[in-house]
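Working notes, structure below.
Predicted, not measured: the structure shown is a model, and the values here were computed from it. Both backbone and side-chain heavy atoms feed into the values below; hydrogens, waters and symmetry mates do not. Chain naming here is simple, since letters A, B, ... match the order of the sequence lines and numbering starts at 1 in each.
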Number of protein chains: 2
Amino acid sequence: MSFRINPNISVDCVVFGFDFRQLKVLLVERIFQSDYSLKPIFTDHTLIGNHIYEHEDLEEAARRILKDLTGIENIYLEQFIALAHPERLKKERDQIWLQHIGHNPHNRVITVGYFGLLDINAMEIRAGSRKVSWFPVNKLPALAFDHHDMLNHAVECLKTRMRVSTIAYTLLPKKFSLSQLQTLFEVIYGTNLDKRNFRKKMIRMKYLIPLNEKQSNVSHKPAQLYMFSREVYEITNRDLFENII
Amino acid sequence: MSFRINPNISVDCVVFGFDFRQLKVLLVERIFQSDYSLKPIFTDHTLIGNHIYEHEDLEEAARRILKDLTGIENIYLEQFIALAHPERLKKERDQIWLQHIGHNPHNRVITVGYFGLLDINAMEIRAGSRKVSWFPVNKLPALAFDHHDMLNHAVECLKTRMRVSTIAYTLLPKKFSLSQLQTLFEVIYGTNLDKRNFRKKMIRMKYLIPLNEKQSNVSHKPAQLYMFSREVYEITNRDLFENII
DNA sequence: CATGTCAGTGTAAAAAATACACTAAGTGTA
DNA sequence: TACACTTAGTGTATTTTTTACACTGACATG
């Protein structure tokens with residue numbers, strides 16, 4: 001097994017988290033320094049990405065790179081786009097960066113984007129050599145390459161997927177309150193939902209299991225906690241596929 | 001502008017059509033001949049695909065290749081996957097084929113899939129050098145490369161998209177009957193729908209405009225024809241985005 | 001013990017979903 | 001010309017879901 005890099009194919013992970021207030025995304029700090037001093041010339045941020053190894057499949061590479069940069073493993077990951085415009089990554093600072101990893105500037109780089117979802121509270125970011133941190137999706141720093149495009153695509157894809165699947169629950173802890181679930185939907189769709197109607201609707205879903213447990217150490221009435229049961233979801237959702245139009 | 005091929009990147013179009021009975025897909029016949037005779041050694045089929053040119057973006061390449069092979073232009077096209085497993089296209093006949101177009105067998109080919117939708121009745125396939133024809137999605141011939149995987153992904157993607165958008169109407173003629181629309185949904189989701197309830201539901205949608213026109217030359221009661229108005233859809237659907245959960 | 005904060009609850013009215021079977025309007029043919 | 005064939009088109013009663021809307025409850029903190 002060789003560990004040669006494929007200089008023409010890269011992957012980026014758009015990793016989303018939800019801190020009960022905002023949708024956030026993981027970014028890596030990128031610092032350019034001059035050759036002589038350690039003073040940075042400029043800094044910006046990138047998604048969690050890199051080139052793939054020759055022996056890897058795309059998702060495998062995405063998971064490996066994510067692990068290398070953040071320590072994060074075993075999260076929900078789904079491919080959502082490939083970008084390969086011939087003029088992308090032609091800005092000077094992008095070229096400098098690519099040279100840095102041995103890329104031939106005459107070759108086109110095709111980048112495949114994955115979006116990742118995780119419970120932001122359960123994940124410890126174990127940063128490697130580079131600084132990785134969470135940013136609110138609607139208050140981002142400058143992004144390198146065409147990562148702004150990539151991220152916009154990812155957000156759209158997340159919205160669509162949330163309408164037709166249960167990935168929302170991968171953004172929450174195992175035990176969550178209905179208010180937290182509601183806020184998640186509100187944040188992602190940018191709307192306000194009626195609390196009583198939301199709860200009525202959700203409680204009808206049999207795959208939301210109420211636990212014998214409440215929040216603790218909150219300075220207000222503690223909320224009933226629920227969990228999502230994928231098992232129940234899969235059993236009860238053969239029906240749902242009839243309701244499709 | 002160069003027309004050099006990029007041997008590492010290809011695109012495939014999974015072009016769907018609906019003939020009022022079945023979902024169909026466009027395939028190109030692939031014939032291997034020995035060097036000496038014109039007798040084919042074997043034949044199978046591929047999706048509408050090829051390698052991209054160095055100067056093209058992915059969708060641009062997909063449209064160009066589709067046009068070259070079939071004469072089809074200006075259809076709905078949407079990217080749905082990138083496949084790049086290191087072991088793909090390693091079967092002997094795939095390698096023979098790739099050599100044929102000058103591909104170095106040590107390089108990985110990444111292929112980006114687009115699904116296309118069109119009104120099968122309005123499109124004349126103007127075949128070029130190779131034979132292109134429609135096949136029912138559930139009665140396919142042997143496919144080359146990993147095109148079976150590609151196609152399965154495309155079908156899943158089509159189902160998902162049909163739930164959250166209006167692409168269904170791109171599979172129908174401009175003027176269609178409610179029965180035709182119903183059959184389309186039934187075919188794609190593999191269910192049977194109640195005729196009266198289906199019609200009630202659809203007629204409520206303001207973007208379905210009844211025309212002053214009926215079917216003709218049918219040996220039964222001719223159906224009222226409707227059209228889909230994207231304009232009306234876009235106006236009335238700001239609301240819909242509230243109803244999302 | 002007062003204040004702040006979020007959790008949690010019910011009802012009436014409107015809209016949508018569901019289940020279900022017959023008549024209407026053409027074409028083709030005897 | 002009438003009959004057979006085929007698909008279009010229609011209504012109602014019941015159940016379920018959606019909608020709009022405002023107050024009390026439980027905990028932590030000072």
Side-chain angles (χ1 to χ4, degrees), chain A residues 18-22 121 163 172-173 175-187 189 191-227 236-245, chain B residues 18-22 121 163 172-173 175-187 189 191-227 236-245:
Chain A
F18 173 64
D19 65 0
F20 302 132
R21 292 169 191 281
Q22 291 177 295
N121 307 291
R163 289 177 68 177
L172 291 170
K175 304 170 180 184
F176 54 85
S177 72
L178 292 182
S179 299
Q180 289 166 345
L181 182 59
Q182 181 176 344
T183 307
L184 175 56
F185 280 105
E186 287 177 336
V187 163
Y189 293 117
T191 57
N192 286 316
L193 301 168
D194 179 88
K195 192 176 172 184
R196 281 185 283 195
N197 294 339
F198 178 84
R199 298 166 89 87
K200 227 185 302 176
K201 193 163 178 171
M202 284 298 151
I203 287 167
R204 264 205 309 274
M205 305 294 158
K206 293 180 192 115
Y207 53 73
L208 280 191
I209 317 282
L211 302 171
N212 287 324
E213 194 172 344
K214 300 196 172 193
Q215 282 180 321
S216 50
N217 296 321
V218 286
S219 74
H220 53 78
K221 179 171 176 177
Q224 166 73 53
L225 296 177
Y226 290 78
M227 62 170 278
T236 52
N237 268 48
R238 248 151 255 161
D239 317 346
L240 268 189
F241 271 96
E242 318 269 305
N243 283 2
I244 257 159
I245 302 160
Chain B
F18 172 63
D19 65 0
F20 303 132
R21 292 170 188 280
Q22 292 176 293
N121 308 290
R163 290 178 68 177
L172 291 170
K175 305 170 179 183
F176 53 85
S177 72
L178 292 182
S179 297
Q180 289 167 347
L181 182 59
Q182 181 176 342
T183 306
L184 175 55
F185 280 105
E186 287 177 336
V187 163
Y189 292 116
T191 55
N192 286 318
L193 301 168
D194 179 88
K195 193 176 173 182
R196 282 187 282 195
N197 294 340
F198 179 83
R199 297 165 91 86
K200 228 185 302 177
K201 192 162 178 172
M202 284 299 151
I203 287 166
R204 262 205 311 271
M205 305 295 158
K206 292 177 193 119
Y207 53 73
L208 278 190
I209 318 282
L211 303 171
N212 287 325
E213 195 174 342
K214 300 195 170 193
Q215 282 180 321
S216 50
N217 296 322
V218 286
S219 75
H220 54 78
K221 179 171 175 177
Q224 166 74 53
L225 296 177
Y226 290 79
M227 63 170 277
T236 53
N237 269 49
R238 248 150 258 160
D239 316 346
L240 268 188
F241 271 94
E242 318 271 303
N243 284 1
I244 259 158
I245 301 159

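Taking the six-membered ring for Trp and thresholds of 30 and 60 degrees, B/Phe20 and B/Phe18 have ring planes more than 60 degrees apart, a perpendicular arrangement.
Straight-line distance from the CD atom of B/Gln180 to the C1' atom of D/dA8: 12 Å, rounded to whole Å. Residue A/Leu178 contributes atom CG, which lies 16 Å from atom P of C/dC6 at whole-angstrom precision. Counting to the nearest Å, the C1' atom of D/dT17 and the CE atom of A/Met205 are 10 Å from each other. Distance, A/Arg196 CZ to C/dA13 P: 16 Å, rounded to whole Å. C/dT18 atom P lies 15 Å from atom CG of B/Asn192, rounded to whole Å. When rounded to the nearest whole Å, the span between CD of B/Gln182 and P of D/dG9 equals 12 Å. What separates CE of B/Met202 from C1' of D/dG9 is a distance of 17 Å, to the nearest Å. Rounded to whole angstrom, the span from the CZ atom of A/Phe20 across to the C1' atom of C/dT5 amounts to 17 Å.
Using a 4.0 Å heavy-atom criterion, one finds that B/Arg199 contacts the bases of the nucleic acid, with or without backbone contacts as well.
Across the interface with DNA chain D, nearest-nucleotide mapping of B/Asn197 and A/Lys200 shows B/Asn197 to be the residue nearer the 5′ end. Mapping A/Asp194 and B/Lys195 onto DNA chain C by nearest heavy atom places A/Asp194 closer to the 5' end of the strand.
The nearest pair of heavy atoms linking A/Gln215 to A/Val218 is OE1-CG2, 3.9 Å. Of all non-hydrogen atoms in B/Leu181 and B/Met202, the two that sit nearest each other are CD2-SD, 3.9 Å. Closest approach of A/Leu225 and A/Ser177 over heavy atoms only: CD2-N, 3.9 Å.
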Kindly determine whether B/Lys175 and B/Leu211 satisfy side chain to side chain contact (heavy atoms under 4.5 Å, CB included), including the steps that lead there. CA-CA 8 Å; B/Lys175 305 170 179 183; B/Leu211 303 171; 3.5 Å; yes
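Checking the phosphate oxygens (OP1, OP2) of D/dT18, a side-chain nitrogen or oxygen of A/Arg204 falls inside 4.0 Å. Here B/Ser179 reaches the OP1 or OP2 of D/dA8: one of its side-chain N or O atoms lies under 4.0 Å away.
Within the 4.5 Å cutoff, the side chain of B/Leu208 has no heavy atoms near those of the B/Ile203 side chain.
Near-neighbour residues of DNA chain C inside residues 211-223 of chain B, defined by a heavy atom below 4.0 Å, number-ordered: B/Val218, B/Ser219, B/His220, B/Lys221, B/Pro222.
Checked by distance alone, B/Lys201 brings no side-chain donor or acceptor within 3.5 Å of a matching partner on the base of C/dA16.
Looking only at distances, no side-chain donor or acceptor of A/Gln182 sits under 3.5 Å from a matching main-chain atom of A/Phe198.
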